[in-house]
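Data first, discussion second: the structure below is written as structure tokens.
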Amino acid sequence: MGRADIVSHSDDHPPLAREELPDDTAALARYLIGKLVVRDLPEGRVSGRIVETEAYVVGDAAGHGFRGMTPRNRSLFLERGHAYVYLAYGISFMLNVSSDTQGTGTGVLIRALEPLEGIAIMRLNRGVERLRDLARGPGRLAAALRIDRSLDGLDLCREGPLWLARDGTETGAIGQSIRIGISKDAERLLRFYLKASPFVSGPGSLNR
DNA sequence: TATAAGATTATCT
DNA sequence: GATAATCTTATAT
């Protein structure tokens, strides 16, 4: 309490400007490593540092936009910096950032966060205690931040219920690998992760 | 209308 | 390491 009640919300984490987001989808996926995802909930603010992403690019058979726009994936075709949220395996919501120009069905999947603010809220949302398990994995981070389809299409370059922001700290070395959990176009090196982070899911993470 | 696949996770051995 | 859970979506019939 105390300080958190005094600090102005709007000045804490100014949103990333759309103009600073790289046009190229793979470049955006790399750029987002070390940035913040901020979620405002009725109980308070939840945020985390992005430590793992995947790019789904033009001509990518693994991408949801590959076969054109559908009712589910239409947000992928928005101008870069918008949320595309979908339900995977009937279980887990996935948070993506739309990329490239309007009309291009590409985006970046946010795969893992290092929890920063609102960790008590994340624990309640997830039903687990272990810090490392709160947001390690795309479905887990969506649950921790209570992200669902109601946020689909949201502009992440504006402060609101969910947005992207800069972090003051330095970003460490970034690793690159094949993507996780796909079968088509599986050989492309479009996964990016913070090498030094124990909050990365899959290969590359520490303390496994 | 039917069917198979899916950008996952939790739980088991 | 293997598998069940769970349900929406896309595609075919």
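Below, chain A is the first sequence line, B the second, and so on; all start at residue 1.
Of the listed nucleotides (dA10(C), dA10(B), dA7(B)), dA10(C) has the atom at the smallest distance from the side chain of T70(A). Listed candidates were dA10(B), dG6(B), dT8(C). Nearest to the side chain of L87(A) is dT8(C). When each of dG6(B), dA7(B), dT8(C) is scored by its nearest atom to the side-chain atoms of K184(A), the top-ranked nucleotide is dG6(B). Of the candidate nucleotides dA10(B), dG6(B), dA10(C), dA10(C) has the atom lying nearest to any side-chain atom of P71(A). For I91(A), taking side-chain heavy atoms from C-beta onward, the closest of the listed nucleotides dT9(C), dA5(C), dG6(B) is dA5(C). Side-chain proximity of R111(A) to the nucleotides dT8(B), dA10(B), dT8(C) is greatest for dT8(B).
If you take CG of D60(A) and P of dG6(B), they are 14 Å apart, rounded to a whole angstrom. Atom-to-atom, CD1 of I180(A) to C1' of dT9(B) comes out at 13 Å; the value is rounded to the nearest Å. Atom-to-atom, NE2 of H64(A) to C1' of dA5(B) comes out at 11 Å; the value is rounded to the nearest Å. Protein atom CZ of F192(A) is 15 Å distant from nucleotide atom C1' of dA7(B), rounded to whole Å. Rounded to whole angstrom, the span from the CD atom of E129(A) across to the P atom of dA10(B) amounts to 14 Å. Between the OH atom of Y89(A) and the P atom of dT3(C) there is a distance of 15 Å, rounded to whole Å. One atom, CG of L189(A), and another, C1' of dA7(B), lie 16 Å apart when rounded to the nearest Å. Atom P of nucleotide dG6(B) and atom CD1 of I182(A) are separated by 10 Å, given to the nearest angstrom.
A close approach under 4.0 Å does not occur between any side-chain nitrogen or oxygen of R179(A) and OP1 or OP2 of dG6(B). The phosphate of dA7(B) has neither OP1 nor OP2 within less than 4.0 Å of any side-chain N or O from S92(A). Not one side-chain nitrogen or oxygen of R126(A) sits closer than 4.0 Å to the OP1 or OP2 atom of dT9(B). For R67(A), no side-chain nitrogen or oxygen approaches OP1 or OP2 of dT9(C) to under 4.0 Å.
Using a 4.0 Å cut-off between a side-chain N of Lys or Arg and a carboxylate O of Asp or Glu, R45(A) and D40(A) qualify as a salt bridge. Looking at D185(A) and R179(A), no side-chain N of the basic residue comes within less than 4.0 Å of a carboxylate O on the acidic one, giving no salt bridge.
Residue contacts shown for R191(A) are absent, as no nucleic acid heavy atom lies under 4.0 Å away. Residue contacts for R72(A): at a heavy-atom cut-off of 4.0 Å it reaches the sugar-phosphate backbone alone, with no base atom in range.
With a cut-off of 3.5 Å on both pairing distances, the Watson-Crick or G-U wobble partner of dA10(C) is dT3(B). Under the Watson-Crick and G-U wobble criteria, each requiring two contacts below 3.5 Å, nucleotide dC12(B) is paired to dG1(C).
Contact of the V85(A) side chain with the L154(A) side chain is not registered, since no non-hydrogen atoms from C-beta on lie closer than 4.5 Å.
With 3.5 Å as the limit, one finds no donor-acceptor pair spanning the side chains of S197(A) and R49(A).
Both thresholds, 5.5 Å between centres and 30° between ring planes, are met by Y56(A) relative to the base of dA7(B), so the two rings are stacked.
In this structure a side-chain-to-backbone donor-acceptor pair under 3.5 Å is missing from R126(A) to A143(A).
A side-chain contact (heavy atoms from CB on, under 4.5 Å) with L134(A) holds for exactly one of L141(A), I119(A), L145(A); it is I119(A).
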